[in-house]
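All figures in this text were calculated on a predicted structure; none of them were measured in a lab. Numbering of ligands and ligand atoms starts at 1, following listing order.
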Amino acid sequence: MLTVVLILSLMACGILSWWRRIPNKDEPPAYPGALPLIGHAHLLLGDSVKLWNFAKKACLESWKAGGAVSFSIGPKVFYVVTDPEDFLKISNTCLQKDHIYEFFKAWLGNGLATSSVPVWKIHRKLLNPAFSPTVLHGFLDVFNGQSRRLVKDLEVEVGKGQFDHWIYTRNNTLETLCLTVMGVDIRDDQKLYSEYINAVAEINSIMMERIQKFWLHSDFIYNWSALKRKQDACLKILHNMPYFILKQRKADYQNFDKKQIEKTAKGPIFKPFLDILLELSIEEGAFNDRQIREHLDTAMFAGHDTTATVLMYNMLLVGSHPQVQEKIFEELFNVFGDDDRDVTKRDLSQLIYLDAVLKETMRFYSVSPFVARLIDRDIKLRNWTLFKGQSCLMSSYGVHMHPLWGPDVEQFKPERWLDPASLPDFANWHSSFSLGRRNCLGKAYAMMSMKVTLARLYRHYRLSGDHTKLVNKMEILLKPVSGHHITIVKRNK
Ligand code: HEM
Ligand SMILES: *[C@@H]1O[C@H](CO)[C@@H](O)[C@H](O)[C@H]1NC(C)=O
Ligand SMILES: *[C@@H]1O[C@H](CO)[C@@H](O)[C@H](O)[C@H]1NC(C)=O
Ligand SMILES: CC(=O)N[C@H]1CO[C@H](CO)[C@@H](O)[C@@H]1O
């Protein structure tokens with residue numbers, strides 16, 4: 001029996017090495033350790049902590065090779081690009097997302113993050129104004145209200161020792177997103193809410209499992225798997241909520257509009273994303289119900305987990321760096337004094353150090369370490385050429401931790417963002433929101449909501465933690481496994 005297996009595997013290896021694709025000489029060099037036939041697939045196996053370690057090593061190889069390296073899963077080739085100029089060039093040349101994003105289509109359909117280029121071009125143009133500064137200023141009241149809620153929710157943890165603040169930031173950003181995207185307060189309906197949040201968490205892990213188990217990449221096999229049945233159950237809940245809200249909103253669209261304008265006659269008009277979509281669909285016939293649902297789902301998905309994760313890492317990092325925390329507090333004291341008043345538009349422009357701390361947080365822990373595009377034409381990079389038909393992973397981690405930052409690259413140093421001379425010679429060193437024309441639609445929204453949240457949080461509490469104990473894993477986003485817990489105490493007025 002053993003001999004038969006041996007002979008068969010030898011034959012397989014023979015056929016495979018004969019069949020193996022010959023790389024072009026301009027193509028980025030291969031990551032070491034490829035096996036015949038399966039390529040590097042074996043390196044992807046294991047848990048998401050291992051996957052993150054592999055991802056970091058791939059970036060290291062990519063730096064060494066002058067900005068790009070390639071690896072393969074069976075016949076499929078993936079490039080890993082870490083050079084910021086190359087990242088930008090690919091972003092603007094190949095707008096089509098990679099096949100991997102197809103996995104999300106069952107949930108997000110043709111929302112911006114997953115749509116094909118022709119649909120994306122039209123919808124992105126329609127939706128850009130929905131995140132204009134005027135719309136965002138209309139959200140300030142919501143952001144302020146949410147920051148008050150977070151401070152209040154955290155009260156039970158004061159002086160109690162270590163706790164997992166992730167639960168709080170996730171809860172809070174999910175609520176904020178529901179308020180600004182769909183115009184609903186989920187505290188009003190606990191049952192709907194807990195089901196929904198569990199489904200969001202679950203779909204993330206389902207997608208991640210599918211990405212890692214390469215045999216589930218094929219729809220044909222996937223459709224027969226237990227994982228697919230789990231996905232279907234999840235999707236039912238995930239799709240239900242926005243449809244339910246859409247139906248309600250449509251019914252009282254007219255009434256609501258009038259009420260809202262009366263209520264906010266003084267300040268900028270608060271208009272949830274859903275209302276903008278409804279207007280576009282009623283007045284210009286721009287979207288049908290399904291498309292509205294897909295845009296809502298996409299905003300919820302793209303917005304809540306990312307923002308909550310950045311807030312979580314920020315609190316840990318600030319808690320681990322007392323001098324940074326004191327500098328934040330000083331700045332807040334200069335702007336607000338002893339006052340617990342709301343953050344205004346004018347205040348935001350004065351919170352320069354807090355802005356730098358947020359940027360450094362996103363550099364230090366790249367929440368969205370990779371984005372993936374389909375290479376739909378040959379592209380010449382600084383040192384290499386990428387070939388049509390392959391996939392490309394552009395790494396924000398690779399940009400943020402690039403050796404060209406200099407010897408302090410691995411230090412948490414918000415000050416570097418205050419002094420342009422201390423930044424590397426490229427324009428695009430901050431790539432957390434991706435780069436180019438298909439970058440994050442919610443970038444300004446995210447920065448504004450996070451600043452408002454933190455500006456109140458750090459006025460009320462002093463945090464402590466130890467980020468050096470942190471163990472991370474790579475799901476769709478970078479996430480902590482352990483070592484991220486913090487303690488909080490009240491600041492004396
Ligand atoms: C700190 C928070 C955030 C981070 C780090 C972040 C990061 C990103 C990244 C890296 C992409 C590109 C994804 C890819 O190409 O695969 C993206 C796209 C996107 N983000 Fe964000 N995001 C954040 C917050 C938000 C928020 C709050 C919203 C909406 C309210 C949002 C909406 C979107 C949308 C709609 C896209 C797709 C854009 C397109 O393809 O045209 N994001 N985001
Ligand atoms: C999360 O939010 C719900 C209501 O939206 C609230 O009842 C619950 O206590 C919150 N949990 C935490 C840990 O803050
Ligand atoms: C898999 O299932 C989905 C629906 O859940 C269907 O649209 C798709 O065509 C199926 N694919 C294959 C190859 O069976
Ligand atoms: C490994 C490698 O070839 N690196 C080169 C990439 O290109 C830059 C300039 O374009 C060179 O300085 C590197 O040596």
Side-chain angles (χ1 to χ4, degrees), residues 26 28-29 61-69 83 85-87 90-91 94-98 100-102 104-106 108 110-117 119-121 123-125 127-128 130-131 135-136 139 173 176-178 180-182 218-225 228-229 231-232 235 272-273 294-314 358-359 361-362 365-373 381-384 393-396 404 430-450 476-478:
D26 293 332
E61 291 297 322
S62 177
W63 296 327
K64 281 202 273 185
V69 76
D83 180 279
E85 282 186 354
D86 291 342
F87 187 154
I90 301 160
S91 301
C94 298
L95 291 165
Q96 177 65 46
K97 298 279 176 88
D98 183 62
I100 281 190
Y101 291 72
E102 296 286 320
F104 291 88
K105 275 203 164 171
L108 305 175
N110 263 317
L112 287 182
T114 42
S115 55
S116 59
V117 178
V119 176
W120 173 80
K121 275 196 173 140
H123 286 197
R124 175 85 188 215
K125 209 178 253 157
L127 293 184
N128 273 333
F131 287 84
V135 174
L136 295 183
F139 291 163
T173 44
T176 311
L177 260 292
C178 280
T180 51
V181 169
M182 303 198 269
S218 138
D219 270 346
F220 189 74
I221 299 173
Y222 186 61
N223 277 6
W224 290 95
S225 70
K228 171 69 159 52
R229 286 194 292 282
Q231 172 179 307
D232 288 342
L235 287 180
F273 187 46
E294 290 170 353
H295 286 311
L296 295 177
D297 281 342
T298 300
M300 293 300 303
F301 169 66
H304 102 270
D305 209 7
T306 43
T307 313
T309 307
V310 174
L311 287 174
M312 181 271 303
Y313 281 128
N314 179 270
L358 258 178
K359 283 199 186 117
T361 301
M362 287 186 272
Y365 293 122
S366 302
V367 266
S368 171
F370 294 93
V371 297
R373 295 281 168 89
L381 303 182
R382 270 166 22 109
N383 291 309
W384 309 102
L393 301 170
M394 290 106 85
S395 177
S396 67
L404 281 175
H430 194 239
S431 56
S432 305
F433 295 103
S434 188
L435 298 175
R437 288 196 282 154
R438 204 168 179 177
N439 70 350
C440 177
L441 180 66
K443 184 175 168 180
Y445 173 112
M447 290 305 281
M448 190 192 231
S449 76
M450 292 191 293
I476 311 295
L477 301 179
L478 190 69

Determine whether a donor-acceptor pair (N or O, by modelled atom type, separation under 3.5 Å) exists between the side chain of Ser449 and the backbone of Ala446.
yes

Counting from 1 in the order shown, the ligand 1 atoms closer than 4.0 Å to a non-hydrogen atom of Val367 are 5 (C)

Is there a polar contact, in the sense of an N or O pair closer than 3.5 Å, between Arg124 and ligand 1?
yes

Counting only heavy atoms, which portion of Lys443 has something under 4.0 Å from ligand 1: side chain, backbone, both, or neither?
neither

Does even one non-hydrogen atom of Phe273 get within less than 4.0 Å of ligand 1?
no

Say whether His295 and ligand 1 are in contact under the criterion: heavy-atom distance to a ligand atom below 4.0 Å.
no

Between the side chain of Tyr101 and the main-chain N/O of Ala372, is any donor-acceptor distance below 3.5 Å?
yes

Using a strict cut-off of 4.0 Å, indicate which atoms of ligand 4 neighbour a heavy atom of Ala65.
1 (C)

Any nitrogen or oxygen of Tyr445, side chain or backbone, less than 3.5 Å from one on ligand 1?
no

Would you confirm whether Trp384, through its side chain, and Ala65, through its main-chain N or O, come within 3.5 Å as a donor-acceptor pair?
yes

Quick one: look at Ser368 and ligand 1, take heavy-atom pairs under 4.0 Å, and tell me if it's side chain, backbone, both or neither.
side chain

Under-4.0 Å heavy-atom contact with ligand 1, by part of Leu127 that carries it
neither

Evaluating non-hydrogen atoms only, which member of Phe370, Phe131, Phe139 is closest to atom 30 (C) of ligand 1?
Phe131

Measure from atom 9 (O) of ligand 3 to the protein's non-hydrogen atoms and state whether any distance is below 4.0 Å.
no

Ring-plane angle category for Phe131 and Tyr445, please: parallel below 30°, perpendicular beyond 60°, tilted otherwise.
perpendicular

Any idea how Phe433 and His430 line up, ring-wise: parallel (<30°), tilted (30 to 60°), or perpendicular (>60°)?
perpendicular

State whether the shortest distance between N or O atoms of Ser434 and N or O atoms of ligand 1 falls below 3.5 angstrom.
no

To the nearest 0.1 Å, how far is atom 11 (N) of ligand 3 from its closest protein heavy atom, and which atom is that?
Asn223 ND2, 2.9 Å

Whether Thr298 side chain and His295 backbone form a donor-acceptor pair below 3.5 Å:
no

Among all the protein's non-hydrogen atoms, which is closest to atom 13 (C) of ligand 4, and how far away is it?
Asn383 OD1, 4.1 Å

Check Tyr101 against ligand 1 and report side chain, backbone, both or neither, counting heavy atoms closer than 4.0 Å.
side chain

Identify, by atom number and element, the atoms of ligand 1 in contact range of Val310, meaning under 4.0 Å from any of its heavy atoms.
1 (C)

Is it the case that ligand 1 has an N or O less than 3.5 angstrom from some N or O of Arg373?
no

Should the heavy atoms of other residues, nucleotides or ligands under 6.0 Å from NZ of Lys121 be counted, would the total exceed 12?
no

When only distance counts, is Leu112 in polar contact with ligand 1, meaning an N/O pair under 3.5 Å?
yes

Among all protein non-hydrogen atoms, which one is nearest to atom 5 (O) of ligand 3, and what is the separation to 0.1 Å?
Lys228 NZ, 2.8 Å

Treating Asn383 as the side-chain partner and Gly66 as the backbone partner, does any N or O pair qualify as donor plus acceptor under 3.5 Å?
yes

Of all the atoms in ligand 1, which lie at a distance below 4.0 Å from a heavy atom belonging to Ser432?
5 (C), 7 (C), 10 (C)

Hey, does Trp384 come in under 3.5 Å of ligand 4, counting only N/O atoms on both sides?
no

